Number of protein chains: 2
Amino acid sequence: MATELTAAGRYSIGETARRTGFTMDTLRYYERVGLIDGVERGPTGQRRFSEDHLGWLDILKCLRDTGMPIEQMCRFAELVRTGDETIPARITLLTAHEQAVAKRIADLESQRAHINGKIDYYKSVAAGE
Amino acid sequence: MATELTAAGRYSIGETARRTGFTMDTLRYYERVGLIDGVERGPTGQRRFSEDHLGWLDILKCLRDTGMPIEQMCRFAELVRTGDETIPARITLLTAHEQAVAKRIADLESQRAHINGKIDYYKSVAAGE
DNA sequence: CTAAGACCTGGAGTGGACTCCAACGCAAAC
DNA sequence: GTTTGCGTTGGAGTCCACTCCAGGTCTTAG
């Protein structure tokens, strides 16, 4: 029963999928499009994700789940890869995204009120029967 | 200069698009899949949307923009078409959706906090340089 | 008379983000 | 020594919700 951990802090793609919530296919896809890099390989060519990768995947998940398109995530990944001199650019990118998320939340809130209004209307009709 | 309004409260597809924010193509598509019905036609076969349609489209927009899939909107449309005895079912459907929206908002809020944490981290790094 | 503008139809095409597949490579288990 | 499990690849396929297109019809303007 081989442990999923091959070396300290290095995870197989299956274990990484399990830990991050991405599928193995998605992890491979992300690597292909350049969202993940520096993935080492074991002696038989199998991917070994590091602890850092898990952290990075966590950020990607957050960005993806808040609606950032892959292309923009790629731009962010590129900045991270380039070095510390891109930190202001990263702040700009993330801030813009955060604003977009804030707007999305506000929109959802007003739409939610709209839906609740509709529910209340139906309830009043149902009660009036 | 023909007014866009052909008869009291009846709108051409172009005017309906302008008023609802859907494209003409989307309106035709929604009619095809059964999300809109009872659209009358003028003498030359052109669609005439009523005031009621505008109201309905407003609800559809709200549901769509909060992430309800077309299929579920169709189920809702079906209920509305069927009659008042489906009001409890409509309440159930909308309530479930409202819950989903509430969850989405909560998720976005925590993800937003995560993003802000990252921004703050970058700011501290930038300040420390 | 012609051209523009709004609309019609059926059906094909698009974009984004995966998701699946066939055929293969290893390694451990029985 | 073959089956099981986990992984590999390149490329094709899927899903959703539109979106676009060709070719046609009317009406109105110049």
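Every heavy atom of this structure was used, including side-chain atoms; hydrogens, water molecules and symmetry mates were not. Residue numbers begin at 1 in each chain, while the letters A, B, ... track the order of the sequences. Nothing here was measured: the structure is a model prediction, and the numbers come from that model.
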Atom [atom1] of [X] to atom [atom2] of [N]: distance rounded to whole Å?
{"X": "A/Arg41", "N": "D/dC6", "atom1": "CZ", "atom2": "C1'", "answer": "14 Å"}
{"X": "A/Arg18", "N": "D/dC6", "atom1": "CZ", "atom2": "P", "answer": "12 Å"}
{"X": "A/Met24", "N": "D/dT8", "atom1": "CE", "atom2": "C1'", "answer": "10 Å"}
{"X": "B/Leu63", "N": "D/dA17", "atom1": "CG", "atom2": "P", "answer": "13 Å"}
{"X": "B/Tyr11", "N": "C/dA6", "atom1": "OH", "atom2": "P", "answer": "19 Å"}
{"X": "B/Ile13", "N": "D/dT19", "atom1": "CD1", "atom2": "P", "answer": "14 Å"}
{"X": "A/Gln46", "N": "D/dG5", "atom1": "CD", "atom2": "C1'", "answer": "10 Å"}
{"X": "B/Leu27", "N": "C/dC8", "atom1": "CG", "atom2": "C1'", "answer": "14 Å"}

side-chain hydrogen bond (donor to acceptor under 3.5 Å, both in side chains) contacts touching residues 69-84 of chain B (sequence neighbours left out)
B/Asp37-B/Arg81, B/Glu78-B/Arg81
Any residue of residues 96-105 of chain A with a heavy atom less than 4.0 Å from an atom of DNA chain D
none
Excluding sequence neighbours, so at least two apart, what forms ring pair (Phe, Tyr, Trp, His ring centres under 6.0 Å) with A/Tyr30?
A/Phe22
For [N], take OP1 and OP2 only and decide whether either is under 4.0 Å from a side-chain N or O of [X].
{"X": "B/Arg28", "N": "D/dC20", "value": "no"}
{"X": "B/Arg47", "N": "C/dT9", "value": "yes"}
{"X": "B/Ser12", "N": "C/dC7", "value": "yes"}

Distance in Å, B/Leu94 CG paired with B/Leu79 CG, rounded so as to fall on 0.5 Å steps
9.0 Å
Could you tell me if the side chain of A/Ser12 sits less than 4.5 Å from the side chain of A/Arg47, heavy atoms only?
no
Dump the pairs, protein N or O against N or O of nucleotides 15-19 of chain C, anything under 3.5 Å, distances to one decimal.
from   : atom 1 : to      : atom 2 : distance (Å)
C/dA17 : OP1    : A/Ile70 : N      : 3.4
C/dA17 : OP2    : A/Ile70 : N      : 3.4
C/dC18 : OP1    : A/Arg64 : NH1    : 3.0
C/dC18 : OP2    : A/Tyr30 : OH     : 2.6

Sequence neighbours excluded - salt bridge (Lys or Arg N to Asp or Glu O under 4.0 Å) pairs with any residue from residues 87-108 of chain A:
A/Glu98-B/Arg112, A/Lys103-A/Asp107
Tell me the salt bridge (Lys or Arg N to Asp or Glu O under 4.0 Å) pairs involving residues 20-29 of chain B, sequence neighbours left out?
B/Asp25-B/Arg28
For B/Glu109, which residues count as a salt bridge (Lys or Arg N to Asp or Glu O under 4.0 Å) partner, sequence neighbours excluded?
none
Of all residues at least two apart in sequence or in a different chain, which pass the side-chain hydrogen bond (donor to acceptor under 3.5 Å, both in side chains) check with B/Asp65?
none
Going by the rule side-chain hydrogen bond (donor to acceptor under 3.5 Å, both in side chains), which residues pair with B/His97 if we only count those two or more places apart in sequence or in a different chain?
B/Thr66
